[in-house]
Amino acid sequence: MHGRDNSLPPVIKHLKRGCLSVQQAPDGHVYRHRLASLAFKGEDVHGAEATWIVTAPVARAIAVLERFQPQDQPYLLAPAPSTRRRSTFPVPNSNTTNKDIAFLISWITTYCGDRSRPDGIPLERGRLPRLTTRQFRRTLAWFIARRPGGAIAGALQYRHQCIQMFEGYAGTSDSGFRDEVEAEQALARGQLLAEMGADEVRPTLSGPAGAEAEARLAEFARHTVFDGQVVTDEARLRRIVARHDPHLYLGTFVTCVYNPDRALCRSPEASADQPVMADCQPQACRNAALTSDNRQALADHLLRLEDTLAAGDRLAPYVRHRLEEQHRATAAFLTRHTPEIAE
Ligand code: SF4
């Protein structure tokens, strides 16, 4: 299994009882959950001890797994003794995991059927679906690349989870999952940009790089839009993105029209392939453009700042000063780059 069985992350299969620890504030509030397991890199089949910061839902899942396993079983995902043939290592291989998934689907279906619940797992061509760990990986990559609802991950909470999963899990394993997520992100971005390119009544992008964003979208649309219809074939769209990537990155507050030479988010040691959106400096960078959604997000942010400042008496002077500065700069940026509506 180790290093070769790549269908489920080794870090998960090697989770052990007691792998979770927490850090608490003096009032008892838990502010950090840490997960200890083994990370596998290269051909090292033994793995190295590693720690990940995880979210509260992960901590709850660990607690549930600890209750599922017998007290004397240290591995949280150990197969049931009856299914664990003569294995030298008590963690499940892909076959066992696929059988477990099939068993879970069957159990859910029976449970829902017995209780006339409508939320069972739908049949596929009259049979229970056969899901495998490969599909699990693909689904996970899909969700990391897109937030629920179809837009590129932008909601902050979901973004945090993406970064945790991506850096903490994909980034430290040799599973190839990083490539899978990046391919899915490129496809999701391509689909969104192709739809934008096909939308003739879409408000124009503004900002320092607004005109360049429009030019790149128009060029991309030459490859992705035919008779007003966007290419829907996934494999074809993946090829088009690989060859004609417009290097436009849609964020919540800004759209990056990436040009490495003038990017303010890049450190000398970072790869020049793509922007570091987490370090974006939209009000100063010449790569910044604004969609109407970006402008709306900035306007909403201004309102939130105003609400906070309205209760300013309770703020420390330094914090209040910083928020006022932020409000001034954001309002000026938004005014500068909001297109005038023709009378
Ligand atoms: S600073 Fe922001 S706008 Fe500029 S290149 Fe980086 S991500 Fe793009």
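Worth saying up front: this structure is predicted, and the values here are computed from it rather than measured. Just so you know, ligand 1 is whichever comes first in the structure, and atom 1 is the first atom listed for that ligand.
Checked by atom type and distance alone, the side chain of Arg286 never pairs as donor or acceptor with a backbone atom of Ala209 at under 3.5 Å.
Applying the salt bridge (charged side-chain N to carboxylate O under 4.0 Å, His left out) rule to Glu214 yields the partners Arg202; only residues at least two apart in sequence or on another chain are considered. A search for ring-ring contact (aromatic ring centres under 6.0 Å, His included) contacts involving Phe226 returns nothing, not counting sequence neighbours. Under the rule for a ring-ring contact (aromatic ring centres under 6.0 Å, His included), His247 has no partner lying at least two apart in sequence or in another chain.
The aromatic ring centres of Trp107 and Phe103 sit 6.0 Å or more apart.
Atom 1 (S) of ligand 1 has as its closest protein heavy atom Gln281 N, 3.4 Å.
Excluding waters, the set of protein N/O/S atoms under 2.8 Å from atom 8 (Fe) of ligand 1 reads Cys256 SG.
There is no path of hydrophobic side-chain contacts, each under 4.5 Å, that joins Leu20 to Val30.
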